[in-house]
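Since the structure comes first, as structure tokens, the remarks are kept for the end.
Every heavy atom of this structure was used, including side-chain atoms; hydrogens, water molecules and symmetry mates were not. Order of listing sets the numbers, starting from 1, for every ligand and every atom in it. In this text the structure is predicted, and so the values were computed from the model without any measurement.
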Amino acid sequence: MSSLDVDDLPVPREHRSTLFREILERRIARRTFLKGSALAGAQSTLLGQALASGMASSLSFKELPHGLDDTLHVPEGYTWQVVLAWGDPLFGDAPAFDPYRQTPEAQARQFGYNNDFLAWLPLPGAPHSSESGLLAVNHEYASSAMMHPGTPDPFGLSREQVDIEIQAHGLSVIEVFRQAGVWKTNIASGYNRRITPLTGMRFSGPARGHRRLRTAFSPEGVESMGTFGNCAGQVTPWGTVLTAEENVQFYFMGEARLTDEIRSYKRFGMHGSDVALSAWGMFHEHWNLDLHPQAGMHAGWIVEIDPYDPHSVPVKRTALGRCKHEGCDVVINPDGRVVVYMGDDQAFEYIYRFVSKHRYRPGDSEHNRTLLDEGELSVAEFTEGGALIWHPLVWGQGACTRANGFSSQADVVIDLRKAADLAGATPMDRPEEIKVNPITGHVFAILTNNVMREPLSDDPANPRGFNRHGHILEFIAPVGDHTAPEFTWEIFILAGDPKSPMDQARYHPDISEQGWFSCPDNGTFDRSGHLWIATDGFGKQGVADGIWVSGTQGSHRARSRHFLRAPRGAEICSPCFTPDQKTMFCSVQHPGEGSSFDTPSTRWPDFDVTKPPRPAVLAVVHKMDRALDG
Ligand code: FEO
Ligand code: CA
Ligand code: CA
Ligand code: CA
């Protein structure tokens with residue numbers, strides 16, 4: 001195959017046929033029925049536990065000191081291994097990784113670059129196994145200077161190199177198993193899949209078929225090409241994967257200001273060539289707004305993927321709105337409705353919530369896959385008095401009217417930020433991950449930092465001007481009702497150095513020397529309700545990014561402890577546990593960032609002079625094979 005072209009994409013024409021689609025969906029429904037019922041059991045206990053008092057933390061590892069060097073560290077008694085790194089084969093026919101002879105065709109069969117979100121998914125025959133499962137992994141972006149010999153600038157790449165980078169984006173799905181204590185990949189598995197910016201997808205929800213989504217690629221505005229900028233995500237209770245499209249504005253060239261969408265693109269920060277960080281548009285006209293002025297509207301969505309069917313067509317769920325989606329979390333409310341929490345990661349952007357119209361039905365996969373297409377979007381306002389008010393973003397209500405330029409709910413979801421501005425939402429300090437505590441049902445929002453906030457423009461929920469270190473908020477739904485119009489909220493942690501009066505940090509009073517951190521970015525809860533927090537930006541202050549873990553209740557609340565330290569240049573993303581909590585997977589993203597292929601600041605994890613540093617998925621275990629949450 002010669003280099004790939006947008007115009008001769010492998011778009012499955014068949015899926016336009018209703019007949020084919022029906023057969024496909026019936027097949028998926030059959031396949032996920034068993035898996036769906038297994039997951040439903042686990043989920044229904046979640047809210048049952050919501051009012052439980054929670055377990056006391058018994059985390060007892062010896063904390064790591066702050067520091068920065070070229071390798072990765074875990075506490076004494078723990079060990080780590082690389083499960084998968086950039087370029088590793090995902091299929092039996094994939095060539096071995098050779099960075100000096102890389103091709104787009106090879107990359108299409110190998111693990112992609114800059115892995116971020118990780119999802120653990122049980123295999124259909126073994127819903128409770130912690131020894132084998134699927135990993136679905138986001139590949140957020142490419143780093144030209146770190147990927148290609150000669151350290152090229154993104155705009156100095158050959159077409160072949162651009163196509164390598166396109167194929168290094170998207171997602172990987174791969175079967176993994178643990179044998180004699182070692183995690184391995186099964187490259188013969190029929191589940192393995194690469195999803196890329198060229199994979200055919202479809203739209204659903206209120207914007208599907210809307211004129212503003214019509215492009216040469218999809219004249220009816222119902223199909224979309226691929227996904228990219230995939231940051232975090234979540235597994236749904238019905239066993240699909242949600243992946244969030246974040247920094248999509250860096251991919252489009254051309255003059256956004258000359259399109260009819262000038263206002264909309266401006267509000268999104270999509271300024272075409274003025275902000276493009278990739279040269280895809282030089283070789284592939286889809287990413288050129290001069291030629292395809294609506295193409296930018298195809299990006300910035302939450303995409304739902306069936307990881308169990310490598311032929312399934314991913315769906316962009318427009319009801320969840322279009323922004324720089326960091327990630328999302330999904331809970332089933334006590335009344336059965338599905339609630340999704342989402343952050344828009346940019347300084348002064350907002351926190352959103354979606355409540356499904358219909359109820360979750362355990363085991364009914366066909367029905368559950370429609371839940372994210374109809375419902376109520378809302379945006380958060382935080383008041384002085386400790387209230388969190390959810391303002392509906394529903395066409396015809398409030399400011400979502402024709403007078404304000406919204407002619408339907410399609411306009412509301414496409415111009416989500418504008419709707420939120422008019423609703424009076426609170427501008428936040430870069431909302432990244434939002435996660436629900438499985439023990440208390442409280443919602444934790446991680447805000448990474450915002451140095452653009454002026455000292456006097458602080459507000460109760462973003463209480464520090466020049467917020468260099470970020471913070472974590474906790475939201476409490478009244479009597480566990482995640483659909484309520486009003487919650488209460490409080491501050492969980494104000495990050496930074498507790499010894500520095502300038503930082504105005506806030507933790508448990510007994511925080512240790514190394515227990516404090518900066519720039520919390522993403523995180524997850526283990527089954528005992530500890531929050532595992534991954535940072536992104538501490539490295540730029542001379543202390544390696546890594547993972548800190550904190551209790552959330554009682555005497556361990558906000559007493560974070562330093563568990564893992566990243567190699568130079570890297571951030572850690574998406575801690576993720578096997579059901580028995582004995583393995584924690586996480587992503588080591590962009591090791592060596594800021595240096596180059598030719599003279600890297602680390603060669604982690606291979607430390608081989610013929611290889612650059614490689615982003616990788618890590619497995620961390622206790623040497624005695626103990627659960628990590630105890
Ligand atoms: Fe992809 Fe906001 O981190
Ligand atoms: Ca970040
Ligand atoms: Ca992130
Ligand atoms: Ca990041």
Side-chain angles (χ1 to χ4, degrees), residues 112-119 137-143 168-171 197 227-234 242-251 268-269 275 277-278 299-303 322-329 341-352 417 427-435 444-452 467-472 495 517-524 531-541 543-548 564 566 569-576 585-591 593-594 615 617:
Y113 202 75
N114 270 346
N115 45 286
D116 195 315
F117 172 67
L118 301 177
V137 186
N138 283 353
H139 299 292
E140 188 179 15
Y141 68 103
S143 306
H169 278 68
L171 288 93
T227 188
F228 49 92
N230 304 87
C231 190
Q234 185 58 292
L242 301 178
T243 179
E245 297 179 341
E246 190 192 13
N247 284 307
V248 295
Q249 75 283 6
F250 294 140
Y251 295 83
F268 194 94
V275 298
L277 293 179
S278 94
W301 302 102
I302 298 275
V303 186
R322 176 173 158 274
C323 65
K324 294 179 191 171
H325 282 289
E326 169 78 11
C328 54
D329 202 3
Y341 293 101
M342 301 173 282
D344 181 356
D345 181 13
Q346 191 168 327
F348 305 113
E349 291 303 334
Y350 306 123
I351 289 174
Y352 296 92
R417 287 177 165 187
M428 308 300 289
D429 289 349
R430 292 189 55 196
E432 299 227 34
E433 189 116 73
I434 301 178
K435 280 271 144 61
F444 285 68
I446 303 180
L447 300 116
T448 210
N449 59 35
N450 182 3
V451 294
M452 313 223 302
N467 181 5
R468 180 167 168 243
H469 297 297
H471 58 288
I472 303 177
F517 55 84
S518 181
C519 304
D521 173 314
N522 63 97
T524 199
L531 180 58
W532 298 70
I533 302 154
T535 67
D536 173 19
F538 211 179
K540 295 189 178 86
Q541 301 168 32
V543 178
D545 280 302
I547 294 178
W548 281 257
L564 184 146
E571 69 168 286
I572 303 294
C573 315
S574 198
C576 158
F585 298 105
C586 62
S587 278
V588 180
Q589 200 190 40
H590 55 75
E593 185 185 56
V617 174

>> With respect to the Ca ion (ligand 3), please indicate if Asp521 possesses an N, O or S atom at a distance under 3.0 Å.
In response: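 Given the 3.0 Å cut-off, Asp521 counts as a ligand of the Ca ion (ligand 3).
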> Is Asp345 close enough that one of its N/O/S atoms sits under 3.0 Å from the Ca ion (ligand 3)?
Replying inline: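 No N, O or S atom of Asp345 is closer than 3.0 Å to the Ca ion (ligand 3), so no.
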> How wide is the angle at atom 2 (Fe) of ligand 1 between OE1 in Glu326 and OE1 in Glu432, to the nearest 10°?
Replying inline: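 Result: 70°, to 10°.
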>> Taking backbone and side chain together, does Asp536 place any N/O/S atom at a distance below 2.8 Å from atom 2 (Fe) of ligand 1?
In response: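 So Asp536 does not count as coordinating atom 2 (Fe) of ligand 1.
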> Does the shortest distance from atom 2 (Fe) of ligand 1 to an N/O/S atom of Glu246 fall below 2.8 Å?
Replying inline: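 It does: Glu246 brings an N, O or S atom closer than 2.8 Å to atom 2 (Fe) of ligand 1.
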>> Can you tell me how the ring of His590 sits relative to the ring of Tyr141, calling it parallel under 30°, perpendicular over 60° and tilted otherwise?
In response: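 His590 vs Tyr141 ring planes: tilted.
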> How is the N/O/S atom of Glu140 that comes nearest to atom 1 (Fe) of ligand 1 named?
Replying inline: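 That would be atom OE2.
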> Do you see a donor-acceptor pair shorter than 3.5 Å between the side chains of Glu432 and Asn522?
Replying inline: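 No pair is found: no donor N or O on one side chain lies under 3.5 Å from an acceptor on the other.
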>> Can you tell me if, anywhere in Cys573, an N/O/S atom lies at a distance from atom 1 (Fe) of ligand 1 that is smaller than 2.8 Å?
In response: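 Under 2.8 Å: Cys573 has no N, O or S contact with atom 1 (Fe) of ligand 1.
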>> Applying salt bridge (charged side-chain N to carboxylate O under 4.0 Å, His left out), can you list everything that pairs with Arg322, at least two apart in sequence or on another chain?
In response: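 Scan of Arg322 (salt bridge (charged side-chain N to carboxylate O under 4.0 Å, His left out), adjacent residues dropped) gives none.
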> On the ring face of Phe268, is Arg417 found with NZ or CZ under 6.0 Å from the centre and within 45° of the axis?
Replying inline: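 Because its charged atom sits under 6.0 Å from the ring centre and within 45° of the axis, Arg417 does stack over Phe268.
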> Applying the side chain to side chain contact (heavy atoms under 4.5 Å, CB included) test to Pro575, which of Thr524, Ile533, Leu531, Leu564 qualifies?
Replying inline: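 Answer to the side chain to side chain contact (heavy atoms under 4.5 Å, CB included) test with Pro575 among Thr524, Ile533, Leu531, Leu564: Thr524.
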> Tell me, which N, O or S atom in Asp345 is closest to atom 2 (Fe) of ligand 1?
Replying inline: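 Going through the N, O and S atoms of Asp345 one by one, OD2 ends up nearest to atom 2 (Fe) of ligand 1.
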> the Ca ion (ligand 3) is nearest to which N, O or S atom of Glu326?
Replying inline: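 Closest N, O or S atom of Glu326 to the Ca ion (ligand 3): OE2.
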>> Please identify which of these residues, Asn467, Asp521, Asp345, meets the side chain to side chain donor-acceptor pair (under 3.5 Å) condition with Arg430.
In response: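 So the option named by the test is Asp345.
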> Sequence neighbours excluded, which residues qualify as ring-ring contact (aromatic ring centres under 6.0 Å, His included) partners of Phe444?
Replying inline: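 If we apply the ring-ring contact (aromatic ring centres under 6.0 Å, His included) test to Phe444, skipping adjacent residues, the hits are Phe492, Phe525.
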